[in-house]
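Each chain gets a letter, A, B and so on, in the order the sequences are listed, and its residues count up from 1.
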Amino acid sequence: MTDTTWVKVLMDWSAQLERELPWREKSPRDPYRVWISEIMLQQTRTEAVKPYFNTWMEKFPTVHALAEASEAEVLHAWQGLGYYSRARNIHAAAREMDSHYGGRVPDELKVVESLPGIGSYTAGAILSIAYGKRTSAVDGNVLRIYARLYGIEEDILKAKGRRQVMNCVEQTLPEDAGSFNEALMDLGQEVCIPRFPRCSECPIASWCRAHREGKEKELPVRTKKKRQETLYLAAALILRHGAFLMHKRPEKGMLASMWEFPMVLAHTPEEAERELGRRWNCRLEGPVWKHRHVFSHRIWNMNAYVAAPAVQEPMGKDYAFFTPEEYRNIPLAGPHARLAAWAEKLVLE
DNA sequence: AAGGCGGGGTC
DNA sequence: GACCCAGCCTT
C-alpha cells in the first residue's frame with residue numbers, strides 16, 4: 001500500500017504559503033475564471049499569464065460576454081500569448097456554453113472534457129478547483145513531482161510513463177482534490193523545479209525516493225525534442241495614403257487567421273528577396289528592418305523591404321490596407337507585430 | 001505514437 | 001545555444 005502521509009504535509013505547506021494569484025480568489029471560485037486561467041496556463045508560465053488574465057476579465061467578464069465577441073477581438077486579446085488555437089477553442093467553447101449550458105461552465109467531467117480546448121488535465125483542474133469534485137489534474141508539474149517522489153524511471157512524455165504516474169496519482173488523491181492539485185502546482189513551481197530542485201526547502205523530501213537515492217537531477221526522464229528548421233522571410237512594406245497593405249493568414253496552421261505584412265518564405269535570404277520582388281513586380285528598397293524570431297519548432301530570419309508596386313494588383317479578400325491606428329486593433333502574427341510597431345514611423349515621413 | 005503549435009525566462 | 005513551461009489536437 002502506498003504511503004500517503006505526505007499528502008497532508010504538502011497541503012499544509014501550500015496553505016501557509018498563501019500564493020496570491022489573480023485567479024485564486026477566496027472560495028467559492030468562479031468557474032469561468034478558473035477555466036480561462038487554466039487555458040491560459042497551458043504550456044505558459046504564471047508570470048506571462050497574469051497581465052493577460054486581468055485584461056481579459058475586464059474585456060470579457062462572463063461566458064456570455066465572450067460568446068458575443070467576434071473571433072478577431074478574441075484573437076487580439078490573445079496576441080502575444082502564443083498557441084493561438086487556444087483562443088479559437090476558448091471562443092468556440094464559450095459559444096457552446098452560452099447556447100447549450102445556460103451560459104455556465106458545465107460541472108460534469110465528461111461534458112467539460114468534450115468542449116474544444118479542454119483535455120484531461122484542464123477538465124480535472126476545473127472540476128476539482130471550481131466544483132470541489134475529486135478529480136486528478138496531471139500536468140507537467142505532477143509528472144515531474146511523481147517521477148521523483150516514487151522513482152519512476154519511464155519516460156514521462158510517453159504513454160507508459162504517463163500511465164504509471166496517473167495510476168499513482170489516483171491512489172494518493174485526497175477528497176479535497178482542488179487544494180491538493182493546487183498544492184502540487186505550488187510545489188512544482190517553487191521547489192520541485194525542473195533543473196535543480198530545491199530539496200532543502202521541500203516539505204516532503206523525506207518521502208521522496210529520488211532524493212533518498214540522490215537521483216533528483218536524473219529524474220524525470222523525458223525525450224528531447226528535435227531542433228528548429230531555419231527559414232528566411234522577406235516582408236513587403238507597401239504604403240498608400242498612410243496605410244500598409246496587409247494579408248490575413250489562412251484559418252488553419254501556424255498563427256491562423258492573424259494578419260501579417262505580405263511576405264515570402266524561402267531557404268535563403270537571396271531567394272526570399274528575389275521571390276518577393278517577382279511577386280510584387282517592383283524594385284525593393286532595403287532591407288530596411290531585420291529581425292530573428294525563434295518559435296518552438298522553427299526560426300524565421302526576417303528582412304523587411306519598402307516596395308512600391310506600379311500597378312494595383314488584383315489581391316483578393318485576404319488583403320486590406322490598414323493605418324497604424326487601425327492595425328493596433330487587429331490580431332498581428334508574431335514578429336509582424338514588432339515590424340508593425342517599427343513601421344509606424346514610415347507613415348509620418 | 002508522433003508531430004504541430006508561441007513566446008519567454010533561465011542557465 | 002538548449003531547456004521547458006498549469007497541454008491539446010490532428011494525423
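The shortest distance between side-chain heavy atoms of A:L81 and A:M40 falls below 4.5 Å.
No engagement by A:I39 is indicated, since no non-hydrogen atom pair under 4.0 Å with the nucleic acid exists. Across all strands shown, A:Y83 has heavy atoms under 4.0 Å from base atoms, whether or not it also approaches the sugar-phosphate. Backbone-only engagement by A:L255 is indicated by non-hydrogen atom pairs under 4.0 Å involving sugar-phosphate atoms exclusively. Within the nucleic acid shown, A:L157 has no heavy atom closer than 4.0 Å to any nucleic acid atom. Using a 4.0 Å heavy-atom criterion, one finds that A:W23 contacts the bases of the nucleic acid, with or without backbone contacts as well. Looking at heavy-atom distances under 4.0 Å, A:R298 makes contact with sugar-phosphate atoms alone, never a base. Within the nucleic acid shown, A:A159 comes within 4.0 Å of sugar-phosphate atoms alone, with no base atom in reach, counting heavy atoms only. Contacts of A:M185 with the nucleic acid, taken as non-hydrogen atoms under 4.0 Å apart, include base atoms. Here A:T46 lies in heavy-atom contact (under 4.0 Å) with a base. Residue A:G188 is classed as having no contact, given no heavy-atom separation below 4.0 Å to the nucleic acid.
Between A:W23 and A:F53, a ring centre-to-centre spacing shorter than 6.0 Å is recorded. Aromatic rings of A:F261 and A:F244 (six-membered ring for Trp) have centroids within the 6.0 Å cut-off, being under it. Between A:F60 and A:W56, the ring center distance clears the sub-6.0 Å criterion.
Mapping A:K160 and A:A333 onto DNA chain B by nearest heavy atom places A:K160 closer to the 5' end of the strand.
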Which protein N or O atoms sit under 3.5 Å from an N or O of nucleotides 1-4 of chain C?
from  : atom 1 : to    : atom 2 : distance (Å)
C:dC4 : O2     : A:R45 : NH2    : 3.1

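What separates CZ of A:R86 from P of B:dG7 is a distance of 10 Å, to the nearest Å. Between A:Q43 atom CD and B:dG3 atom P there is a gap of 16 Å when expressed in whole angstrom units. For A:Q79 and B:dG7, the CD to P distance is 9 Å, given to the nearest whole Å. Going from atom CD of A:Q189 over to atom C1' of C:dC5 covers 9 Å, rounded to whole Å. One can place NE2 of A:H291 at 12 Å from C1' of B:dG6, the figure rounded to the nearest angstrom.
One N or O on the side chain of A:R86 and one on the backbone of A:G82 form a donor-acceptor pair closer than 3.5 Å.
Comparing the P positions of C:dT11 and B:dG6 gives a spacing of 16 Å, expressed to the nearest Å. Atom name P, nucleotides B:dC11 and C:dA6: the rounded distance is 15 Å, in whole Å. Spacing between C:dC8 and B:dG9 at atom P, rounded to whole Å, works out to 24 Å. B:dG3 and C:dC3 are spaced 16 Å apart, taking the P atom of each and rounding to whole Å.
The heavy-atom pair separating A:A266 from A:A272 by the smallest distance is CB-N, 3.6 Å.
A salt bridge links A:R328 with A:E344: at least one charged nitrogen is closer than 4.0 Å to a carboxylate oxygen.
You'll find a donor-acceptor pair under 3.5 Å spanning the side chain of A:T44 and the base of B:dG6, going by distance alone.
Considering only residues two or more places apart in sequence or on other chains, A:E190 meets the side-chain hydrogen bond (donor to acceptor under 3.5 Å, both in side chains) condition with A:R19.
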